[in-house]
*Asks:* 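Following this message is one structure expressed as structure tokens.
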2 protein chains.
Amino acid sequence: MIRVMVVDDQALVRRGFALVLDNEPDIEVVAEAGTGVEAIEAARAHQPDIILMDIRMPEMDGLEATARLLQTEEKAEANGTPCRVIILTTFDPDEYVFRALQAGASGFVLKDIPPEALVEAVRTVADGGAMLAPGITQRLISQFAQKLGTGRNLAERLERLTTREREVLAAIADGKSNAEIAEALFIGAATVKTHVSSVLSKLGLRDRAQAVVFAYECGLATAGGRDVGF
Amino acid sequence: MIRVMVVDDQALVRRGFALVLDNEPDIEVVAEAGTGVEAIEAARAHQPDIILMDIRMPEMDGLEATARLLQTEEKAEANGTPCRVIILTTFDPDEYVFRALQAGASGFVLKDIPPEALVEAVRTVADGGAMLAPGITQRLISQFAQKLGTGRNLAERLERLTTREREVLAAIADGKSNAEIAEALFIGAATVKTHVSSVLSKLGLRDRAQAVVFAYECGLATAGGRDVGF
DNA sequence: CATCGTCTCCACCTTTTGGGGGAGATCTGA
DNA sequence: TCAGATCTCCCCCAAAAGGTGGAGACGATG
């Protein structure tokens with residue numbers, strides 16, 4: 001049985017969704033809430049598996065509430081509900097979507113979806129999957145493809161480098177100085193200089209700063225995978 | 001009426017999908033193909049709206065075929081079918097997914113989905129949306145959230161900088177030398193040095209290379225939006 | 001009005017970087 | 001076996017970068 005909580009400030013809308021879901025044999029609406037604050041309290045009290053969350057609400061909006069819920073969950077971890085959130089809204093501006101996904105939402109669907117699709121979304125997310133409105137999936141894909149895309153042409157230039165040179169480039173893209181690279185690779189400082197020169201010359205770059213840019217643009221280095229604790 | 005082409009090297013599987021789809025009143029299967037090469041020919045001949053594409057095939061795999069189809073489309077543009085591809089496969093290793101999305105696919109679903117869901121996927125994609133298998137959507141989201149996520153903490157450090165300093169940092173992240181920055185910002189080279197020093201000191205960085213790393217990690221600079229034509 | 005932050009610049013100095021050579025040791029493939 | 005590529009290291013040198021300290025101008029803020 002999938003335990004669901006519906007959060008929306010409009011009681012009528014809330015009841016509508018609740019009725020649709022409660023009508024399913026495998027879904028049970030265990031709580032409702034009208035504000036973000038209420039949502040957080042109710043989630044603690046009723047431990048739902050899935051939360052359907054509106055964005056525009058008084059007191060605390062749905063994105064904020066989602067972030068808080070999933071954040072405290074992280075800390076509690078083993079303790080309780082690995083509850084998952086589906087954002088359910090009338091609008092889909094990019095800003096909302098990104099903030100929602102960043103907050104940890106597992107779904108983002110528009111209120112105009114047919115009831116069966118909503119039910120399906122709940123089941124999918126309860127099952128560990130994620131569900132986005134088709135148009136949003138579309139944008140997510142194109143943004144993603146864009147980030148991957150440019151790498152291609154540049155990655156070819158990368159192949160002109162020897163293995164050692166690529167290692168050095170990676171170290172440069174890590175923010176290391178020549179001395180640090182020497183230490184990291186167990187070679188002399190002079191050798192590092194030689195490799196750095198080769199890298200710059202082969203890639204048509206002027207200095208290590210441009211090398212860092214190149215590394216990020218071609219995918220050798222990627223944002224999001226670091227502690228910038230230099 | 002949605003014109004669909006089914007591409008799969010196993011005739012039995014192909015027919016199965018074709019029958020399911022043809023059974024829908026608003027969908028018409030106009031062609032079938034058993035290899036990537038055939039798929040490209042058939043697509044030209046029959047101008048389908050949607051192509052269901054298997055990955056593992058003789059002669060040319062589905063990803064390659066997808067890339068070629070959508071690439072030539074781009075060139076033809078106004079000319080013909082803005083045809084869209086749904087990858088339909090048994091496996092979902094990340095590598096395939098990424099290559100598929102990069103090739104321009106609008107969907108990536110597994111062959112074990114229920115027939116109604118397949119039909120729904122076709123309609124969604126024909127309608128301009130995109131459809132991914134739930135688990136894939138999940139991974140796409142987490143990868144995306146990760147990229148956005150790290151930026152937060154670092155973006156706060158960014159706020160310690162003055163406007164001018166952020167501009168200078170952005171220029172550094174562009175691969176510019178101090179002299180070039182001076183020219184770009186219409187200030188003296190000495191001034192640039194001052195700003196650079198402030199940036200490094202305020203952010204706790206050692207040199208401009210680390211500054212570039214920082215800029216990418218905090219989202220001030222993002223991969224994919226550049227010509228690395230230094 | 002005095003102070004603070006910001007932007008602009010200067011001079012002096014040390015360190016790092018990058019370019020130009022050259023050279024020995026391996027290893028691989030023709 | 002010999003040519004070529006790669007990795008390693010050296011020297012010298014010029015340019016760039018980075019640190020320190022100081023200074024004038026401007027606007028906001030108390």
Side-chain angles (χ1 to χ4, degrees), chain A residues 154-218 220-221 228-230, chain B residues 154-218 220-221 228-230:
Chain A
L154 299 178
E156 291 168 14
R157 281 209 251 167
L158 244 186
E159 288 165 20
R160 307 179 98 82
L161 301 183
T162 67
T163 307
R164 207 49 163 169
E165 286 161 353
R166 267 192 295 275
E167 289 172 5
V168 171
L169 176 55
I172 291 175
D174 214 53
K176 290 188 168 71
S177 68
N178 287 342
E180 287 169 339
I181 296 175
E183 199 177 352
L185 299 185
F186 307 105
I187 56 181
T191 310
V192 175
K193 290 189 68 174
T194 305
H195 289 314
V196 171
S197 283
S198 305
V199 170
L200 297 181
S201 138
K202 284 188 182 177
L203 298 179
L205 308 172
R206 183 184 48 200
D207 52 46
R208 60 208 298 111
Q210 291 192 342
V212 175
V213 173
F214 182 93
Y216 272 93
E217 293 296 335
C218 81
L220 208 182
V228 186
F230 291 121
Chain B
L154 299 178
E156 291 168 14
R157 280 211 253 168
L158 243 185
E159 288 166 19
R160 307 179 100 82
L161 301 183
T162 68
T163 308
R164 206 51 163 169
E165 286 161 354
R166 268 191 295 275
E167 289 173 6
V168 170
L169 176 55
I172 291 175
D174 214 54
K176 290 188 167 69
S177 69
N178 287 344
E180 287 169 339
I181 296 175
E183 197 177 354
L185 299 185
F186 306 106
I187 56 181
T191 309
V192 175
K193 290 188 70 173
T194 305
H195 289 314
V196 173
S197 283
S198 304
V199 170
L200 297 181
S201 141
K202 284 188 182 177
L203 299 178
L205 308 171
R206 184 183 46 200
D207 51 45
R208 60 207 301 107
Q210 291 191 342
V212 176
V213 174
F214 183 92
Y216 272 93
E217 293 295 334
C218 80
L220 208 181
V228 186
F230 291 121

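Residue numbering restarts at 1 for every chain, and letters A, B, ... go by the order of the sequence lines.
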*Asks:* Rounded to the nearest 0.5 Å, what separation is found between the CZ atom of Arg160(B) and the OG atom of Ser198(B)?
*Replies:* 14.0 Å
*Asks:* Using the closest heavy atom to pick a nucleotide of DNA chain D for each, name whichever of Arg160(A) or Asp207(A) lands nearer the 5' end.
*Replies:* Arg160(A)
*Asks:* Are Glu165(B) and Thr162(B) packed together at the side-chain level, in the sense that at least one heavy-atom pair is separated by less than 4.5 angstrom?
*Replies:* yes
*Asks:* Within the structure, does a side-chain N or O atom of Ser197(A) lie under 4.0 Å from either OP1 or OP2 of dG19(C)?
*Replies:* yes
*Asks:* In Å and rounded to the nearest 0.5 Å, what is the NZ to CG distance from Lys176(A) to Asp207(B)?
*Replies:* 12.5 Å
*Asks:* Without decimals, in angstroms, what is the distance between Glu165(B) CD and dG5(C) P?
*Replies:* 13 Å
*Asks:* At under 4.0 Å, does any side-chain N or O of Ser201(A) touch on OP1 or OP2 of dG18(C)?
*Replies:* no
*Asks:* Heavy-atom contacts under 4.0 Å between residues 186-194 of chain B and DNA chain C, which residues?
*Replies:* Ile187(B), Gly188(B), Ala190(B), Thr191(B), Thr194(B)
*Asks:* dG18(C), OP1 or OP2 - any side-chain N/O from Arg206(A) closer than 4.0 Å?
*Replies:* no
*Asks:* Scan nucleotides 27-30 of chain D against the protein and return all N/O pairs shorter than 3.5 Å with their distances rounded to 0.1 Å.
*Replies:*
none

*Asks:* Rounded to whole Å, please give me the gap between CD in Gln210(B) and P in dG18(D).
*Replies:* 10 Å
*Asks:* Would you tell me if any nitrogen or oxygen in the side chain of His195(B) comes within less than 4.0 Å of OP1 or OP2 on dC9(C)?
*Replies:* no
*Asks:* Do the side chains of Glu180(B) and Arg206(A) get nearer than 4.5 Å, heavy atoms only?
*Replies:* yes
*Asks:* What nucleotide, of dG18(C), dT6(D), dG19(D), holds the atom closest to the side chain of Thr162(A)?
*Replies:* dT6(D)
*Asks:* When you measure from the side-chain N and O atoms of Asn178(B) to the phosphate of dA16(D), is any distance below 4.0 Å, counting only OP1 and OP2?
*Replies:* no
*Asks:* Hey, could you give me the CZ/OG1 distance between Arg166(B) and Thr163(B), rounded to the nearest 0.5 Å?
*Replies:* 5.0 Å
*Asks:* Just the rounded figure in Å: distance from P of dG18(C) to CG of Leu169(A).
*Replies:* 12 Å
*Asks:* Hey, which of Leu200(B), Ile187(B), Leu185(B) is the one that makes side-chain contact (heavy atoms from CB on, under 4.5 Å) with His195(B)?
*Replies:* Ile187(B)
*Asks:* Distance check needed: dT16(C) P versus Glu183(A) CD, whole Å only.
*Replies:* 14 Å
*Asks:* Do Leu161(A) and Leu158(A) have side chains that approach each other closer than 4.5 Å (heavy atoms only, starting at C-beta)?
*Replies:* yes
*Asks:* NZ/Lys202(A) to CZ/Arg157(A) distance, rounded to the nearest 0.5 angstrom?
*Replies:* 14.0 Å
*Asks:* Just how far is it from atom CD1 of Ile172(A) to atom CZ of Arg208(A), taken to the nearest 0.5 Å?
*Replies:* 5.0 Å
*Asks:* Over how many whole Å does the gap from Leu185(B) atom CG to dT6(C) atom C1' extend?
*Replies:* 15 Å
*Asks:* Take the protein atom CD1 of Ile181(B) and the nucleotide atom C1' of dT8(C), then report the distance between them rounded to whole Å.
*Replies:* 16 Å
*Asks:* Round to the nearest Å and state the distance from Glu167(B) atom CD to dT6(C) atom C1'.
*Replies:* 12 Å
*Asks:* In whole angstroms, how far is the C1' atom of dG19(C) from the NZ atom of Lys202(A)?
*Replies:* 16 Å
*Asks:* For the CG atom of Leu169(A) and the CG atom of Leu203(A), what is their distance to the nearest 0.5 Å?
*Replies:* 6.5 Å
